[in-house]
Amino acid sequence: MEINLGQLAFDIDFHPSQQLVTTGLINGELHLYRYTSDSVPERVLQVQAHSESCRAARFINNGHAILTGSPDCSILATDVETGAAVARLEDAHGCAVNKLINLTESTVASGDDEGCIKVWDTRQQSCCNSFKVHEEYISDMTFAADSMKLLGTSGDGTLSVCNLRRNKVQAQSEFSEEELLSVVIMKNGRKVVCSSHIGNLLLYSWGCFNDCSDRFVDLSPNSVDVLLKLDEDRLITGSETGLISLVGILPNRVIQPIAEHSEYPVEGLAFSHDKKFLGSIAHDQMLKLWDMDDLLQDSTKTLKHQAAVEDSDSDEMDMDNNPPKSKKGTKRKNASKDHVSGSSNNFFADLQMDG
């Protein structure tokens with residue numbers, strides 16, 4: 001399934017229980033679509049959420065609202081049913097808001113273009129943690145719920161670990177020559193995997209974050225912009241060339257390219273709530289929904305073939321040999337950073353958790 005968004009999309013997220021998918025666009029709009037397996041997706045909401053681009057979008061409050069972040073420094077909560085603004089925090093950060101993720105039922109985290117990560121408590125109705133840990137933009141974040149650790153990657157080439165219980169930066173990796181663009185936790189919490197702008201995957205052992213313990217250098221000659229965890233041993237990657245691949249971790253190998261969004265860089269990947277669909281956005285202004293059963297059936301056939309015939313080229317993908325470049329940093333830093341004054345202490349006052 002394909003949806004022509006008409007504008008470049010920066011983020012994608014699926015509703016936690018319904019067949020709804022949302023995107024944030026470069027013109028500041030927030031779109032919401034309803035999809036089914038046997039009909040054309042229908043746009044059910046179109047909101048001018050921000051005066052500048054809508055870089056981040058996440059369902060919150062059990063899917064009753066969508067949180068968005070923008071280079072206009074604001075964070076907005078929009079009601080899913082009505083499209084009305086539930087709450088707006090005008091100066092959430094001192095510069096462009098670049099990433100949003102859910103943590104617990106009552107907390108979310110935001111990251112900006114100058115390396116600051118903030119945690120917002122919806123019940124306390126305020127910012128409860130703020131970490132100025134990175135020197136460059138926050139490219140991605142992930143959360144280890146069992147230990148309450150928030151991990152972040154940055155264009156400065158480092159991985160950070162923030163301890164939310166102690167409100168402190170617990171660890172930060174050594175600086176790398178590579179911009180780190182995406183991060184996932186795998187192997188039942190024992191490994192942290194980061195992608196880079198030159199096509200490598202850096203693997204860190206949990207608790208040993210100073211330097212990577214392994215480096216997967218045969219993944220791609222181009223930037224790997226997005227990682228999406230499939231299970232504890234496999235992840236899905238989105239590359240600068242538009243290729244979407246299934247990749248195994250320890251042993252590190254490209255199992256198979258499973259889709260090609262377009263010839264343009266993949267900007268985001270996400271699973272539907274039931275994992276029946278993989279959603280992808282890229283610089284072609286299209287939102288695509290892929291049937292996961294079809295994608296994984298093809299990969300299973302490939303695995304059986306690889307087991308029967310040892311192929312020395314199985315870890316290489318047929319990709320254009322374009323010189324690697326830093327896409328993310330250029331895009332983020334070119335965005336406008338106009339500040340809007342306002343109060344930042346009562347953002348979640350109108351966001352009540354439904355019983």
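These numbers were taken from a predicted model, which means no experiment stands behind them.
Residues Leu67 and Asn102 have side chains not in contact (no heavy-atom distance under 4.5 Å, counting atoms from C-beta outward). Within the 4.5 Å cutoff, side-chain heavy atoms of Glu178 are placed close to those of Asn200. Looking only at side-chain heavy atoms (C-beta outward), Val247 and Ile236 stay at 4.5 Å or farther from each other. Using a 4.5 Å cut-off on side-chain heavy atoms (C-beta onward), Glu267 and Phe10 make contact. Taking the side chain as every heavy atom from C-beta outward, Phe277 and Ser37 approach each other to under 4.5 Å. With a 4.5 Å cut-off on side-chain heavy atoms, Glu179 and Glu136 do not count as touching. Under the 4.5 Å side-chain criterion, counting only non-hydrogen atoms from C-beta, Gln7 is in contact with Ile26. In this structure, the side chains of Asn252 and Leu203 come closer than 4.5 Å at one or more pairs of heavy atoms.
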(request) May I have the step-by-step check of side chain to side chain donor-acceptor pair (under 3.5 Å) for Ser182 and Ser195, ending in yes or no? (result) CA-CA 5 Å; Ser182 191; Ser195 67; 4.7 Å; no
(request) With side chain to side chain contact (heavy atoms under 4.5 Å, CB included) as the test, would you mind laying out the steps for Leu235 and Leu228 before giving the verdict? (result) CA-CA 6 Å; Leu235 54 81; Leu228 180 63; over 6 Å; no
(request) Check the pair His273, Ser17 against side chain to side chain donor-acceptor pair (under 3.5 Å), reporting the backbone distance first and the verdict last. (result) CA-CA 6 Å; His273 70 277; Ser17 60; over 6 Å; no
(request) Verify side chain to side chain contact (heavy atoms under 4.5 Å, CB included) between Leu219 and Val254, making sure each step is shown before the conclusion. (result) CA-CA 7 Å; Leu219 178 59; Val254 177; 3.5 Å; yes
(message) Run the salt bridge (Lys or Arg N to Asp or Glu O under 4.0 Å) test on Asp11 and Arg58 for me, step by step, so that the C-alpha distance in whole Å, both residues' side-chain angles and the decisive distance to 0.1 Å come before the verdict.
(response) CA-CA 9 Å; Asp11 205 4; Arg58 285 292 179 273; 2.9 Å; yes
(message) Between Glu135 and Glu114, does the side chain to side chain contact (heavy atoms under 4.5 Å, CB included) criterion hold? Intermediate values first, please.
(response) CA-CA 6 Å; Glu135 300 299 324; Glu114 293 183 354; over 6 Å; no
(request) In sequence, state the C-alpha distance, the side-chain angles, and the governing distance for Asn129 and Lys118, and then conclude on side chain to side chain contact (heavy atoms under 4.5 Å, CB included). (result) CA-CA 6 Å; Asn129 305 86; Lys118 292 186 177 183; over 6 Å; no
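Placement of Ile255 and Leu230 within a single hydrophobic cluster is found when ILVMFWY residues are connected by side-chain heavy-atom separations under 4.5 Å, directly or transitively. Connection of Leu246 to Met292 is established within a shared hydrophobic cluster, with ILVMFWY side chains joined at heavy-atom distances below 4.5 Å, either directly or through further cluster members. Cluster membership for Leu151 and Val119, using ILVMFWY side-chain heavy atoms within less than 4.5 angstrom, is not shared. In this structure, Phe131 is a member of the same hydrophobic cluster as Ile101, with clusters built from ILVMFWY side-chain heavy atoms closer than 4.5 Å. Val161 and Tyr204 fall within the same hydrophobic cluster, defined by Ile, Leu, Val, Met, Phe, Trp and Tyr side-chain heavy atoms under 4.5 Å apart, directly or through other members.
Checking Leu227, Asp140, Val192, Ile249 one by one against Val184, the side-chain contact (heavy atoms from CB on, under 4.5 Å) holds for a single residue, Leu227.
In this structure, SG in Cys162 is found 9.5 Å from CE in Met141, a value given to the nearest 0.5 Å. A distance of 5.0 Å separates CG in Asn98 from CG in Asp113, rounded to the nearest 0.5 Å. Remark: Leu289 CG to Met1 CE distance equals 4.5 Å, nearest 0.5 Å. Once rounded to the nearest 0.5 Å, the distance linking CD of Gln285 with CD1 of Ile3 reads 14.0 Å. Distance check: Arg43 CZ to Leu287 CG gives 12.0 Å after rounding to the nearest 0.5 Å. With rounding to the nearest 0.5 angstrom, the NE2 atom of His283 is 9.0 Å from the CD atom of Glu240.
Classification of Lys288 and Glu2 as a salt-bridged pair holds, one side-chain N sitting under 4.0 Å from a carboxylate O. Using a cut-off of 4.0 Å between Lys/Arg side-chain N and Asp/Glu carboxylate O, Asp233 and Lys187 are scored as salt-bridged. Remark: Asp214 does not engage Lys191 in a salt bridge, criterion side-chain N to carboxylate O under 4.0 Å.
Side chain of His93 to backbone of Ile75: no donor-acceptor contact under 3.5 angstrom is found. In this structure, the side chain of Asn4 engages the main chain of Gly6 through a donor-acceptor pair within 3.5 Å. For the pair Asp291 (side chain) and Asp293 (backbone), a donor-acceptor distance under 3.5 Å is present. Ser70 places no side-chain N or O within donor-acceptor distance of the main-chain N or O of Ser74, the cut-off being under 3.5 Å. Ser220 places a side-chain N or O within 3.5 Å of a backbone atom of Asn222 that can act as its donor or acceptor partner. Asp112 places a side-chain N or O within donor-acceptor distance of the main-chain N or O of Gly115, the cut-off being under 3.5 Å.
Between Ala282 and His261, the shortest heavy-atom distance links the atoms CB-CD2, 3.2 Å. Between Pro71 and Ser53, the shortest heavy-atom distance links the atoms CD-O, 3.0 Å. Of all heavy-atom pairs between Asp231 and Met186, the closest is O-CE, 3.4 Å. What you find for Cys73 and Ala96 is that their closest heavy atoms are SG-N, 4.3 Å. Across all their heavy atoms, Ser245 and Pro257 have their closest contact at OG-CA, 3.6 Å. Minimum heavy-atom separation, Leu202 to Ser176: CD2-OG, 4.4 Å.
Checked by atom type, the side-chain pair His50/Thr68 shows a donor-acceptor distance below 3.5 Å. Side chains of Trp120 and Ser110: a donor on one and an acceptor on the other come within 3.5 Å. Side chains of Ser139 and Ser154: a donor-acceptor N/O pair is absent below 3.5 angstrom, by distance only. Side chains of Tyr33 and Gln46: a donor-acceptor N/O pair is absent below 3.5 angstrom, by distance only. His31 and Thr23 form no side-chain donor-acceptor contact under 3.5 Å, judged by distance and modelled atom types alone. The closest side-chain donor-acceptor pair between Asp79 and His64, if any, does not fall under 3.5 angstrom. With 3.5 Å as the limit, one finds no donor-acceptor pair spanning the side chains of Thr158 and Ser173. Using modelled atom types, one finds no donor on one side chain facing an acceptor on the other under 3.5 Å when comparing Thr142 with Lys229.
The environment of Tyr264 atom OH is sparse: at most 12 non-hydrogen atoms of other residues, nucleotides or ligands sit within 6.0 angstrom. Under a cut-off of 6.0 angstrom, the local environment of NZ in Lys275 is crowded, with over 12 non-hydrogen atoms contributed by other residues, nucleotides or ligands. Applying the 6.0 Å contact sphere to NZ of Lys132 captures more than 12 heavy atoms from other residues, nucleotides or ligands.
Residues Phe59 and His15 place their aromatic rings such that the two centres sit under 6.0 Å apart. Residues Tyr35 and Phe14 place their aromatic rings such that the two centres sit under 6.0 Å apart.
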